[in-house]
Amino acid sequence: MKILDGKALSSKIRAQIKDEIDDLKKSNITPGLAVILVGDNPASKTYVGMKEKACEETGVYSIVHKMPNSISQEKILETIKMINENDNIDGVLVQLPLPKQIDTEKILESLNPDKDVDGFHPFNVGRLVAGLDSFVPCTPLGVMRLLEEYHINVQGLDVCIVGASNIVGKPMMNLMLNAGATVDICHIFTKNLKDHTSKADIVVVGVGKAGLITEDMVKEGAIVIDIGINRLENGKLVGDVDYDATAPKCSYITPVPGGVGPMTIAMLLRNTLKAAKKRKGSSIES
Ligand code: GUN
């Protein structure tokens with residue numbers, strides 16, 4: 001059994017990104033990222049804090065627009081309009097979830113697709129489905145990059161994805177399909193989850209339910225990618241897979257923490273750099 005070490009790979013990618021940004025700065029280009037954080041969801045605050053820190057370490061200029069839980073939709077839309085028009089900002093993301101009174105789809109549709117570094121705008125979703133170049137959601141993109149690092153070619157493999165969210169499961173499905181995998185996607189209405197997971201060469205799970213995937217649900221030699229992050233009552237962070245019992249059966253497995261999580265942030269930096277190069281590339285001196 002081998003560990004898919006997302007922590008080590010993300011450090012390597014972040015160092016490469018820092019070097020590239022150092023070079024861009026010689027041409028007076030500094031990639032900029034704007035983040036909108038609404039309310040005081042503790043997980044969202046933690047994620048945004050991690051994103052800010054990663055920007056600082058790699059030389060991305062970042063600004064966080066913090067808004068109260070009671071904010072109106074119009075105020076958020078106004079802020080996005082300002083960000084869309086700000087030439088110093090290459091990437092924008094709205095941390096989800098948003099409060100109940102806000103129409104998330106309207107908010108995401110108001111983002112400039114060329115600055116949509118989370119890949120949540122329907123324009124980028126559609127391009128991903130069609131197999132065209134697009135901004136791809138950071139977590140599933142990080143999974144593909146992690147597999148590539150370990151020379152795991154998914155073409156022709158049976159992949160079972162557990163969780164069908166817009167952020168993780170659906171883009172994961174499209175990336176795997178575009179890479180030639182045979183994809184089976186499971187969700188809350190799936191009748192017998194084990195029937196699906198136990199046939200797969202690769203099981204990808206991102207539901208947010210500790211202990212959902214047990215040892216008997218994966219086949220011998222499977223590759224297991226755990227995107228879940230759950231905090232147990234004793235404070236321990238775990239994924240959706242019963243790691244200790246399942247790991248010995250796997251050819252590869254991601255740990256939690258230190259697997260997919262760090263890759264998400266690395267891919268956000270990668271997407272921000274891509275947006276900056278796309279927007280300002282013509283002014284880069286060679
Ligand atoms: N909420 C949970 N994951 C994400 C993510 O990757 N991006 C944003 N914007 N919100 C999230």
Side-chain angles (χ1 to χ4, degrees), residues 6 10 13 32-55 60 62-67 69 71 76-77 79-80 83-84 89-100 102-113 115-125 128 134-146 161 163-175 204-209 225-231 237 239-240 254 256-257 259-272 274-275:
S10 79
I13 294 170
L33 175 70
V35 177
I36 296 181
L37 173 62
V38 185
D40 43 19
N41 179 316
S44 290
K45 277 163 81 176
T46 303
Y47 292 136
V48 169
M50 286 159 67
K51 290 170 187 181
E52 268 186 288
K53 187 160 171 270
C55 285
V60 173
S62 75
I63 178 159
V64 179
H65 296 268
K66 293 189 176 123
M67 301 178 177
N69 210 51
I71 194 94
I76 304 178
L77 289 171
T79 306
I80 291 174
I83 294 169
N84 282 345
I89 297 296
D90 302 288
V92 54
L93 72 87
V94 181
Q95 191 65 31
L96 303 179
L98 291 170
K100 284 191 296 287
I102 308 293
D103 180 343
T104 301
E105 289 314 314
K106 275 242 156 60
I107 297 294
L108 295 178
E109 281 182 25
S110 75
L111 300 172
N112 176 349
K115 296 188 177 186
D116 171 34
V117 286
D118 253 341
F120 294 166
H121 189 289
F123 177 85
N124 284 310
V125 176
L128 173 62
S134 62
F135 285 110
V136 175
C138 304
T139 299
L141 184 62
V143 170
M144 298 309 282
R145 181 64 187 81
L146 193 54
I161 297 165
S165 68
N166 288 343
I167 294 179
V168 175
K170 287 184 204 166
M172 190 79 256
M173 171 187 81
N174 287 298
L175 285 169
V204 184
V205 56
V207 170
K209 197 168 170 196
I225 309 285
D226 192 349
I227 302 177
I229 303 178
N230 310 289
R231 196 172 287 280
L237 265 191
D240 291 348
T254 57
V256 177
V260 177
M263 291 303 298
T264 298
I265 307 256
M267 293 302 105
L268 174 65
L269 297 167
R270 173 58 63 220
N271 281 349
T272 304
K274 174 176 168 164

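Whatever order the structure lists ligands and atoms in, that order sets their numbers, starting from 1.
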With sequence neighbours excluded, what pairs up with Asn166 under the side-chain hydrogen bond (donor to acceptor under 3.5 Å, both in side chains) test? Lys170

Nearest atoms (heavy-atom pairs only) where Pro140 meets Val168: CG-O, 3.9 Å

Any side-chain donor-acceptor pair under 3.5 Å between Gln95 and Lys45? no

Only one of Ile102, Ile107, Leu98 passes side chain to side chain contact (heavy atoms under 4.5 Å, CB included) with Val38; say which it is. Leu98

Please determine, by modelled atom types, if Asp240 and Asn230 share a side-chain donor-acceptor pair under 3.5 angstrom. yes

To the closest 0.5 Å, what do you measure between CE (Met172) and CD1 (Ile167)? 14.5 Å

Less than 4.0 Å from some atom of ligand 1, heavy atoms are found in residues Lys51, Leu93, Val94, Gln95, Leu96, Asp118, Phe120

